[in-house]
Amino acid sequence: MLQFSCSARALALILPLAAAGCGTAPPPEPPMPAAPVFDPNVDVTPGFNEREPDTCKASGLQYLLGQPSTVFDTMTLPGPLRVIAPHEVYDQEEYRSNRIDVRINAAGAITSIGCG
């Protein structure tokens with residue numbers, strides 16, 4: 001009888017383990033998202049792309065593209081002005097959202113207007 005008692009206990013312990021193996025399989029894990037494609041033309045410097053859009057009202061001055069930079073001498077502007085000549089070094093860390101940045105070519109013509 002002792003033999004039967006041990007077998008019954010062993011069966012009682014093994015039966016739940018065997019039943020657990022008969023359960024449903026866990027759902028498959030979702031696939032990993034694809035790694036972003038690196039674009040060398042996009043600046044990913046933290047904070048650099050988080051500037052306020054058109055806070056200096058540069059969009060209203062786009063009609064001046066191609067004009068000589070001297071047109072600003074007679075204009076009243078909503079904020080300070082910085083004229084950047086070709087190959088001129090300027091500090092990105094001096095960014096001021098209300099300042100108008102005007103880039104000119106070697107002939108002094110305006111090539112771009114933005115905030116900075």
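FYI, the numbering just counts along the sequence from 1. The analysis underlying the following values was restricted to heavy atoms, covering all of them including side chains, and did not include hydrogens, waters or symmetry mates.
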Could you go through Ser112 and Arg103, starting from their C-alpha distance and side-chain angles, then the distance that decides it, and tell me whether this counts as side-chain contact (heavy atoms from CB on, under 4.5 Å)? CA-CA 5 Å; Ser112 72; Arg103 288 172 179 76; 3.4 Å; yes
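- Atom CD1 of Ile113 is separated from atom CD of Gln67 by 9.5 Å, given to the nearest 0.5 angstrom.
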Stepwise side-chain contact (heavy atoms from CB on, under 4.5 Å) test for Arg82 and Val102: CA-CA 6 Å; Arg82 174 169 65 173; Val102 176; over 6 Å; no
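- Scanning both residues, Pro86 and Ala106, for their nearest heavy atoms gives CG-N, 3.5 Å.
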Apply side-chain hydrogen bond (donor to acceptor under 3.5 Å, both in side chains) to Thr55 and Asn98, showing your working. CA-CA 6 Å; Thr55 54; Asn98 68 330; over 6 Å; no
From CA spacing to verdict: side-chain contact (heavy atoms from CB on, under 4.5 Å), Asp101, Ile84: CA-CA 7 Å; Asp101 274 356; Ile84 303 169; 4.0 Å; yes
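- Side-chain contact check for Arg96 versus Pro80: some heavy-atom pair is nearer than 4.5 Å.
- With rounding to the nearest 0.5 Å, the separation of CG in Leu61 from CZ in Phe72 is 5.5 Å.
- Judged by distance alone, the side chain of Arg99 and the main-chain N or O of Leu81 form no donor-acceptor pair under 3.5 Å.
- Asp54 and Ser59 share a donor-acceptor pair across their side chains, judged by distance under 3.5 Å alone.
- Contact check for Ile110 versus Val83: no side-chain heavy atoms found under the 4.5 Å cut-off.
- For the pair Pro78/Ile100, a side-chain contact is recorded, criterion being any heavy-atom separation below 4.5 Å from C-beta on.
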